[in-house]
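The block underneath contains the structure these notes are about, expressed in structure tokens.
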Amino acid sequence: MFLKPFRVKTQTNIKGSERKKVRSTLQNCYPSLSVKDASDIVPNKAEMTTAKINTHSGLNVLVYCVEKNPVLIDIDGVIYPSVYTLWRYPALVPVFRTQPVVFSRLAGGADLMLPGVVVEGEVTPKTFAHIDKGSVCSISLNGNRSPIAVGTAAMSGSDMFDSAMRGKGVHVLHILGDELWAFGDKSKPPVLPETTSSTDDLHHDEDSNTAQDEDIQAPSQEEDHCEKGQGSEQQTAGEENSREREEDEDLAMSADQLSLEEQGDVLKEESLDHSPAESMDDLFMLCFRCALKKSLKLTDLPVLTSAFYKVHMLKFCPADKYLDVKKTSFKKLSKFLKEMEKENYIKVKELSKGVESITEMKKDHPGLRHISPPEGATVMEQQAETSPSQYKPPCITEMLSVTAAVVPLVKELGIRKGTAMTGTELRNIVNEYVRKNSLQNENNKSKVNLDPLLASVVLRKGENDVTQLRWDDLTSRVADKMQNVHKLEFPGQPPIIRKGKIEGITLNVFQRGSNKKVTTVDNLDEYGLDLKEFAHEIQIAIQCSCTVSQSSSNKTQVVIQGNQIAYVADLLTGKYRIPKKYIKGWEKAPKAKRK
């Protein structure tokens, strides 16, 4: 969250009454915290300020600082301790230990995966029994109890045990070296040796004490590097002048200065669940091809790349393995899909910065001919082949209805008032009437002589002296005397004729409080779309809030979080095949920035 620079909106001093509220909220979030410790974190007399910041992703956050060091982070009413606070109270939240080599990955924005968690002894149901999904936790490096990151548990302790320690363990929120850490005095974490008592880490497994004692007696090379990178500079008081220059180097030494042999051992430990005969690149490519051949359909296009990965690719991964794009040679999903685009499997379009969509795919690509799902994905293959009933767009015909003013012109043809006809049919009727009565001007074939009947239908007030009209003017004047209607023909249903021109699907963007935007989609029901299913599909694909509500004009509309006009327009014209001329508001989509 704080890896990129943020903007400080305001920064003000906190009064005594406000400090009491912060202290009370802190104790509610962490009941194990004593009154004395809470008063130490939120002091009565020390300089304390609150900073309202706006992150690069647009999230508003409150940061409480004591003597210019951020100590607490308030996100939607939930208080998170910063690394500065956890260095003083390392046992405040549950701790996950990992190898020092993992630090560089976490600092680059990765979450902590369960295979990288260091656990003494065998993992049992009691090992993480105290962990709830979404609970606040911290991450420390093996050999030093000082936390280097704060986050939330990606799953509960029981789920961690059931997953055999696979998948994400901690969603990282704040880490040593990020912009929030740089907002303070940029001090280094102290070196806190791992004790024999597991209660410091809130682990209630007594069998881990002996293993932790062995770690203290025989420190590994990773610990030496971690101590060198995280503690030595803080203990040297005579190097204050060079402190700023050496900060970044010190933070990296805990991970980057490890030997290649140590890194290989850790990577080997993290990848125990991988098949030794198949690399992650091969598995990723196999799941991609299976998704194109067995799951993704042309009617699903366009589809967001993130939705393609979650909905179509993951289902083909065998149960005993897992996909991780960061363990491939591509490192990012966007780079992998760009490579697939070069090989003519798909076409990718950038909707906005960081948001891409697959717009085309080739089912007849030679690379898909002999592809079959891997073992362990047979059930998912069957699920992928069963597709729900697809939406079929209506055939829309814009027509004209005969009014009383035009009845005298078409009465001889047996056409009555209220009869609907197309513009072509009307033009043929006018042409037939002119030829039948020999009204075409012999000297100028582009003009028609008006007889009393035609004159009574097409002439306006004050045009009593007009005796001739051009062909196109004559037809348009007759059409102006008729009423606009439209016909909708849904497959398997009788045609529906409605008065007036068909209302286009209208896309709008509105600004709401806190600088937030919402996209509204109106008149979807006019085209036979189920609004609830449409909203649910968008909610899953974009991973954002999407609801059905009443508009100010008492019409039902779909409301989507953020400016999603580009995606909705592509979805309507691609998957639902709604003609572009019936969609209004394309120009309100965010402009793609030049690279």
Side-chain angles (χ1 to χ4, degrees), residues 1-9 11 41-42 46-57 59-75 78-90 92-93 95-98 100 102-112 136-141 144-152 170-192 225-236 239-240 242-257:
M1 177 177 291
F2 303 103
L3 291 179
K4 295 183 180 180
F6 50 77
R7 180 170 63 91
V8 180
K9 291 184 175 180
Q11 190 167 8
I41 297 174
V42 185
E47 178 188 0
M48 186 172 182
T49 59
T50 176
K52 293 181 180 181
I53 66 175
N54 183 260
T55 64
H56 70 282
S57 59
L59 185 65
N60 293 317
V61 179
L62 282 178
V63 177
Y64 297 100
C65 303
V66 175
E67 295 180 351
K68 300 182 179 181
N69 267 352
V71 294
L72 300 174
I73 310 162
D74 186 342
I75 303 177
V78 180
I79 300 292
Y80 298 85
S82 70
V83 291
Y84 291 101
T85 300
L86 290 179
W87 292 341
R88 298 164 59 194
Y89 302 95
L92 180 61
V93 296
V95 182
F96 288 85
R97 282 194 303 154
T98 187
V102 182
F103 173 77
S104 60
R105 302 179 186 180
L106 299 177
D111 292 327
L112 179 63
V136 183
C137 52
S138 64
I139 302 172
S140 66
L141 301 179
N144 188 357
R145 288 193 305 118
S146 292
I148 52 93
V150 183
T152 56
V170 179
H171 295 297
V172 177
L173 176 74
H174 159 51
I175 189 170
L176 173 71
D178 64 8
E179 294 295 328
L180 185 62
W181 168 83
F183 195 60
D185 60 10
K186 301 181 182 179
S187 58
K188 310 298 187 301
V191 178
L192 302 177
H225 286 292
C226 183
E227 292 175 5
K228 180 180 179 181
Q230 298 181 354
S232 61
E233 293 297 331
Q234 190 179 28
Q235 297 175 356
T236 306
E239 298 182 358
E240 293 295 332
S242 61
R243 182 177 180 178
E244 294 293 331
R245 185 179 67 256
E246 297 177 356
E247 285 171 351
D248 294 336
E249 298 176 1
D250 294 339
L251 293 176
M253 288 173 70
S254 61
D256 295 337
Q257 292 185 358

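Positions are given from 1, in the same order as the sequence printed here. What you see is a predicted model, and the numbers here were worked out from it, not measured in a lab.
For the residue pair Asn54 and Lys9, the shortest heavy atom distance occurs at CB-CE, 3.9 Å. Residues Val172 and Ala149 approach most closely at CG1-CB, 4.3 Å, considering heavy atoms. What you find for Ser140 and Val95 is that their closest heavy atoms are OG-CG1, 3.4 Å. Here the shortest heavy-atom pairing between Leu86 and Ser138 reads CD1-CB, 3.7 Å. In this structure, Pro100 and Leu141 approach most closely via the heavy-atom pair CA-CD2, 3.9 Å. Ser187 and Trp181 get closest at one heavy-atom pair: O-NE1, 3.1 Å.
Separating the CZ atom in Arg7 from the CD1 atom in Ile53 is a distance of 10.5 Å, to the nearest 0.5 Å. From Thr55, atom OG1 reaches atom CD1 of Ile75 across 8.5 Å, with rounding to the nearest 0.5 Å.
Side-chain contact check for Val93 versus Val150: every heavy-atom pair is 4.5 Å or farther apart.
In this structure Thr50 satisfies the side chain to side chain donor-acceptor pair (under 3.5 Å) test with no other residue, sequence neighbours excluded. Residues meeting the side chain to side chain contact (heavy atoms under 4.5 Å, CB included) test with Lys4, sequence neighbours left out: His56. In this view, His171 and Asp111 satisfy the side chain to side chain donor-acceptor pair (under 3.5 Å) rule, not counting sequence neighbours. Remark: Ser82 engages Tyr84, Thr85, His174 in a side chain to side chain contact (heavy atoms under 4.5 Å, CB included) (not counting sequence neighbours). Scanning for ring-ring contact (aromatic ring centres under 6.0 Å, His included) contacts around Phe6 gives Phe183, with sequence neighbours left out.
No donor-acceptor pair closer than 3.5 Å links the side chain of Ser146 to the backbone N or O of Trp87. Panel note: side chain Asp178, backbone Ile175; a donor-acceptor pair is recorded below 3.5 Å.
The side chain to side chain contact (heavy atoms under 4.5 Å, CB included) test with Leu180 is passed by exactly one of Val83, Val63, Leu3, Val61: Val63.
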Give the intermediate values and the outcome of side chain to side chain contact (heavy atoms under 4.5 Å, CB included) for residues Ile41 and Tyr64. CA-CA 10 Å; Ile41 297 174; Tyr64 297 100; over 6 Å; no
Go through the steps to decide whether Leu173 and Thr152 satisfy the test side chain to side chain contact (heavy atoms under 4.5 Å, CB included), and finish with yes or no. CA-CA 7 Å; Leu173 176 74; Thr152 56; 5.9 Å; no
Pair up each side-chain donor or acceptor in residues 67-74 with any protein partner under 3.5 Å, not counting sequence neighbours, and list the distances.
| unit_1 | atom_1 | unit_2 | atom_2 | d |
| --- | --- | --- | --- | --- |
| Asn69 | OD1 | Asp185 | N | 2.8 |
| Asn69 | ND2 | Asp185 | OD2 | 3.0 |
| Asp74 | OD1 | Gly77 | N | 3.0 |

